[in-house]
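One-based numbering, in listed order, for ligands and for the atoms of each. Predicted model only: the values in this text are computed from it and were never measured.
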Amino acid sequence: MIQKVLIANRGEIAVRIIRACQEMGIATVAVYSTADQEALHVKLADEAVCIGSPLSKDSYLHIENIISAAVLTGADAIHPGFGFLSENAKFSEICNQCDIKFIGPTADMIRAMGDKAKAREMMIKANVPVVPGSEGKIEDVKEAKLTACQIGYPVMLKASAGGGGRGMRIVWEESELEKAFLSASSEAKSAFGDGSMYMEKYVQNPRHIEFQILGDAFGNVIHLGERDCSLQRRHQKVIEEAPSPFITEDLRKRMGEAAIKAAKAVDYENAGTIEFIVDKDGNFYFIEMNTRIQVEHPITEMITGVDLIKEQLKIASGKKLSLTKESIKFNGHAIECRINAENPHKNFRPCAGTVTKLHLPGGRGVRIETGLYQGYKVPPTYDSMLAKVIAYGDTREEAISIMERALGELVIEGLDTNIYFQYQLLNTKAFREGNFDTSYIERNLDAILEQGVGIDAE
Ligand code: MV4
């Protein structure tokens with residue numbers, strides 16, 4: 001059993017993990033950079049260790065410093081949260097070599113799924129639908145041309161080591177292919193140290209639907225339904241919801257089965273996410289698997305009543321999943337709005353500064369995940385996400401009205417935020433009708449920014 005967890009992260013996710021540990025009677029160790037001395041996670045943890053200077057590479061990405069902090073405090077497990085070292089196979093390996101349990105999948109699993117071409121190959125073998133494309137990696141321009149010819153244009157070139165939108169190129173016709181292949185590959189080589197590429201048919205304006213899964217050390221795998229993450233801007237999710245307003249009960253069943261098949265095929269352990277894209281005709285395709293807890297995990301928690309962080313801790317301590325397919329009941333509808341320190345009217349330019357005034361909403365159906373408090377100084381060094389507002393209602397309509405009400409109560413002064421932008425997005429006809437895809441925000445940015453609140457909703 002795990003007795004003390006070091007949280008190798010910061011911000012709201014560090015706070016979220018500390019809270020789960022406290023409820024389970026597990027001691028907590030926060031780590032922090034010198035920019036985070038006053039951060040909430042440092043105040044809430046039982047112990048805190050400074051691991052370096054503000055730049056992530058000198059602190060939250062500094063493996064030796066984090067392991068030293070764990071050894072020094074006698075932590076027997078490390079929770080990596082998301083981002084930073086959460087999908088770093090080397091880190092997972094080193095933790096376990098030091099007899100510190102990494103709360104997540106094995107290094108081999110992280111490595112396999114981190115290689116997107118390999119993941120795709122494994123899914124093909126497991127009979128999980130993937131986008132038509134190359135079997136594995138594409139070695140050169142000649143092979144790229146041949147493959148594109150077979151699947152037909154437009155195609156998408158993707159870096160095996162990429163993911164989350166990095167190292168991708170859309171290619172509309174053969175004349176563009178050579179240049180795109182060479183530039184994407186060299187970009188990937190310098191960004192990830194791996195220039196290998198694969199190819200898929202380009203699916204235009206897809207929905208992004210992901211399934212939450214949990215697997216234990218005994219080969220049991222369950223899914224906890226889907227999240228619709230189609231509302232994004234530049235590969236940053238803006239609003240997520242569960243269940244998806246787009247997919248039918250039949251599609252949900254088939255996608256859920258495919259997600260379980262995917263996780264079982266790789267013998268997955270701990271929490272993970274199977275990402276699919278879904279085209280306008282309802283065809284779905286595996287694109288990536290994320291081997292971490294995700295930012296948007298609370299919406300799944302709201303509709304299932306499952307505490308995913310506690311499940312991660314139980315799985316990591318070798319317990320059998322107590323949840324079964326039959327025991328998981330889906331209820332109601334949850335929406336998450338990410339609140340960022342940014343100015344939507346200045347190309348979403350991020351900002352830093354002191355929170356001079358703060359009022360967090362509450363009441364029925366409202367959940368807030370944040371590391372903010374009044375007087376806290378938001379450093380300029382890290383991600384701009386300040387808080388997540390999660391609304392839960394019996395129906396999608398109720399969840400939306402609870403979210404609108406909650407955003408109206410939320411006050412964050414001293415920084416630019418996207419609170420009003422979220423309000424405007426929530427009030428678009430497309431959102432109200434559940435009729436949007438992954439390029440909706442970029443295509444309609446001006447209209448969204450002009451959208452009033454409440455009045456033009458329908
Ligand atoms: C695609 C695609 C269309 N066709 N693959 C972007 C991030 C990475 N996870 C995969 N992505 C995409 N892959 C094919 N074959 C469109 C996207 C895509 C996207 C996917 C999910 C969520 C938002 C997106 C925004 C733009 C492009």
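Of the options Glu336, Glu296, Gln232, a side-chain hydrogen bond (donor to acceptor under 3.5 Å, both in side chains) to Lys237 is made by Glu296 and by none of the others.
Ranking the protein heavy atoms by distance from atom 7 (C) of ligand 1 puts Gly165 N, 3.3 Å first. Scanning the protein heavy atoms around atom 20 (C) of ligand 1, the nearest turns out to be Ile277 CG2, 4.1 Å. Here the protein heavy atom with the shortest distance to atom 17 (C) of ligand 1 is Met156 CE, 4.3 Å.
A side-chain donor-acceptor contact under 3.5 Å links Glu226 to the backbone of Ser244.
Atoms of ligand 1 found under 4.0 Å from any heavy atom of Gln232 (numbered from 1 in listed order, with element): 22 (C), 23 (C). Residue His208 has at least one heavy-atom neighbour below 4.0 Å for each of these atoms of ligand 1: 21 (C), 22 (C). Applying the 4.0 Å criterion to heavy atoms of Tyr202 picks out, from ligand 1, the atoms 3 (C), 4 (N). Each of the following atoms of ligand 1 lies closer than 4.0 Å to a heavy atom of Glu200: 5 (N), 14 (C), 15 (N).
For atom 26 (C) of ligand 1, the nearest non-hydrogen atom from the set Met168, His235, Glu275 belongs to His235. When Ile441, Ile287, Thr438 are checked for heavy-atom proximity to atom 19 (C) of ligand 1, Thr438 turns out nearest.
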Test log, rule side-chain hydrogen bond (donor to acceptor under 3.5 Å, both in side chains), inputs Gln212 and His223:
CA-CA 6 Å; Gln212 177 69 55; His223 81 73; over 6 Å; no

Go through Tyr153 and Val171 one step at a time and tell me if the side chain to side chain contact (heavy atoms under 4.5 Å, CB included) criterion holds.
CA-CA 7 Å; Tyr153 288 89; Val171 183; 3.9 Å; yes

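At least one N/O-N/O distance between Val203 and ligand 1 falls below 3.5 Å. For the pair Glu288 and ligand 1, the shortest N or O to N or O distance falls below 3.5 Å.
When non-hydrogen atoms are compared, ligand 1 lies under 4.0 Å from the backbone of Lys201 (N, CA, C, O) but not from its side chain.
Salt bridge absent: Asp115 and Arg111 never bring a charged side-chain N and a carboxylate O closer than 4.0 Å.
A 4.5 Å side-chain heavy-atom check between Asn65 and Ser59 finds every atom pair outside the cut-off. Residues Ile390 and Ile335 are not in side-chain contact: their nearest non-hydrogen atoms beyond the backbone lie 4.5 Å or more apart.
Residue contact annotation: Lys158 has a non-hydrogen atom under 4.0 Å from ligand 1.
For Arg10 and Phe84, the positive end is not near the middle of the six-membered ring at less than 6.0 Å and at most 45° from its axis. For the pair Arg396 and Phe431, the cation sits on the ring face: its NZ or CZ lies under 6.0 Å from the ring centre, inside 45° of the axis.
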